[in-house]
Structures are given as C-alpha cells and as structure tokens.
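Accompanying notes for the structure given below.
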Amino acid sequence: MNGKLYLCATPIGNLGDISARCLEVLNTADLIAAEDTRRTIQLLNHFEISKPLTSYHEHNRHEKGEYIISLLKSGKNVVVVSDAGTPAISDPGEDLVRLCAQNNVDVTSIPGPVAGINALIISGLSTRRFAFEGFLSVNKRHRREHLESVKRDTHTLIFYEAPHKLKNTLSDMCRTFGGDRKIALVRELTKIHEEVKRCTLDEAVDFYSENNPRGEYVIVIEGAPEIEETDNNIWDNVSIKEHVDKYIAEGMTSKEAIKKSALDRGVSKREVYNEYHKE
Ligand code: SAM
C-alpha cells in the first residue's frame, strides 16, 4: 500500500503557533522533506523531534521529487515543510502534490499559518474577495507586466515581498495603480515587532524614501474602484480630455472633474491628470 504525503504548516515567527497535529505527524513521519534543512533542524530540535531529514527545494525538485515518490509508493509516509508557513504557497510542494496526483498517492494537509491570509485579515481592507499574487518577478519588465495585468481588478490583492526590494516595488505599484490606492504593509507577523502600516501608496512611497524596510513584509492593496457596467462602457468611446472637459463644462473644478473621470473609468487620478495635461 502507498504511503501518504503530508503538507505540514509550520510557524511564521512564533513557535507557539505549531499545532498538536503537526507535532504528531512530524513525530510519526518516515521522512521529512524540508526547504532548508538547517532551519527545519532548529524547529525539530526545539520540539525534540528526531527524524530523517532531506532537502527538497526549487533546485533539486525534479530528482528529489522522483525519489520521494518512490518512497511513498513503497509505503513510507513523507512530510513536506517549508522554511515557514504553509508549503506550496510561494514555497516548494506544488510539484510534489502534482506528482502524487499523477501516481495515485494520497496527499493531505495539516493546516496552520499562512502569512498572506493573516496579513489580509488584519489589513483593514476588504476580505470579501481577494487574490494572492505571490512575489513579483525580479525582472523589471515582468514585474510591471504583472502589475499592469491586475490594475483593474476590483478585489483586494496580496503580494509577498523581500525587504530589500520593497522600495522599488512600492514605486512600481504607485506608478501602475496610482497613489490614492489604499495599502496595508504588514510586517513581522506573529513576532515581537509585528506591525501594520495602513496608508495610501503615495504615503507608503514617501515613508520608505526616508525609512529602511525591516523584516518580512506582506503587501495588501485595495482593489480598483468598481465601474458601473452599462451597455458597453459609455466612456470607452470618449477621450480622457473630452471626459474631463464635459464635467468642467457642467461646473466642476478641474480637480473634481479629474477625480470623477478617474472613478468613471476605473483608473487612477494620476493617469487621468497626466493624459489631460499631455501636450
Ligand atoms: N509559505 C509561506 C506562507 O505560508 O506564507 C510563505 C513563504 S514565502 C517564501 C516568504 C514570504 O512570506 C516573505 O518574503 C514574506 O513576504 C512572507 N512572510 C513570511 N513570514 C512572514 C511574517 N512573519 N511576517 C510577514 N510576512 C511574512
């Protein structure tokens, strides 16, 4: 009979968040496949668990994946853990689950911390509809294409980011989404210095031009404003200039007209402003 693959969530900072089931499964596993064995050894030592450990990460996932499947098919139970949090969420595990599905090997999860979800629920932004966007690419063009592809999404967006890339990412987000969008920068979840900074993208860019990011961050961003759908959006055939001028002719100041036009079109005020003032 085949063994089972267990995806075990581990703490993202506070060791007290380990679950009783996670400890039980780790204690009975035949093998623990860890993203970073040095970090996992610390966790196992803390809980006095001594089990065979192997590395399973981005760079050995093909060979190691085949090896793990062969063990599972010979009846062994294997646990996958990542550095922190839930495996397969911006972490190794996804491929292994796919391989198990192809090989009729059972997979189960031992639930626990996920940075993105915990950041979302304390962000103060809408939790009714959201999308997890993971890490942006390090490649500038791909990063901007990614942001461009989600800029009209009306649900909340969740991104992971490393501290040394935060400033560039915030600038790119501000350029693409506009400075008025609300953002929550959630750092050091479950740790002593846990913090949520709630502001606009403009304010976040300003803040981090004078302060260095520290710790691990989740960026939660409000979605684009809902556009009222009509039979084909009536503004599609109207240029931004005509759109703003129409409101000015009705008595609005140019600032009000730009704001209202941006809202109608579901784009940022900055985008309308730039287009309106273009030569
Ligand atoms: N699998 C993990 C999970 O369940 O959330 C995420 C792993 S991903 C490689 C690491 C990223 O998660 C970090 O760059 C950061 O964006 C986020 N993260 C992890 N721990 C965090 C924490 N304690 N506070 C804030 N963000 C955290």
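Start at 1 and go down the list; that is how both ligands and their atoms are numbered.
- Ring centers of Tyr160 and Phe132: under 6.0 Å apart, within the cut-off.
- Protein heavy atom nearest atom 9 (C) of ligand 1, with residue, atom name and distance: Ser90 O, 3.2 Å.
- At the top of the distance list for atom 7 (C) of ligand 1, counting protein heavy atoms only, stands Asp91 OD2, 3.1 Å.
- Residue Thr86 has at least one nitrogen or oxygen atom sitting less than 3.5 Å from a nitrogen or oxygen atom of ligand 1, judged on distance alone.
- When hydrogens are left out, the protein atom nearest atom 3 (C) of ligand 1 is Tyr160 OH, 3.6 Å; that is the closest non-hydrogen contact.
- Ring geometry for Tyr217 versus Tyr208: interplanar angle over 60°, hence perpendicular rather than tilted (30 to 60°).
- Using a 4.0 Å cut-off between charged nitrogen and carboxylate oxygen, Glu256 and Lys260 do not count as a salt-bridge pair.
- The single protein non-hydrogen atom nearest to atom 2 (C) of ligand 1 is Ala84 O, 3.2 Å, given as residue, atom name and distance.
- Using a cutoff of 4.0 Å between basic side-chain nitrogens and carboxylate oxygens, Glu216 and Lys191 are scored as salt-bridged.
- In summary, the side chains of Lys73 and Asn104 do not present any donor paired with an acceptor at a separation below 3.5 Å, with no hydrogens or angles considered.
- Nearest protein heavy-atom contact of atom 16 (O) of ligand 1 is Tyr217 O, 2.5 Å.
- Atoms of ligand 1 lying under 4.0 Å from at least one heavy atom of Lys191, given by number and element, are 23 (N).
- Contact between Gly13 and ligand 1 is absent, with no heavy atom of the residue lying under 4.0 Å from the ligand.
- Contacts between Glu194 and ligand 1, counted as non-hydrogen atom pairs separated by less than 4.0 Å, are absent for every part of the residue.
- A salt bridge between Glu222 and Arg181 is absent, with no side-chain N of the basic residue lying under 4.0 Å from a carboxylate O of the acidic one.
- Protein heavy atom in closest approach to atom 24 (N) of ligand 1: Leu189 N, 2.9 Å.
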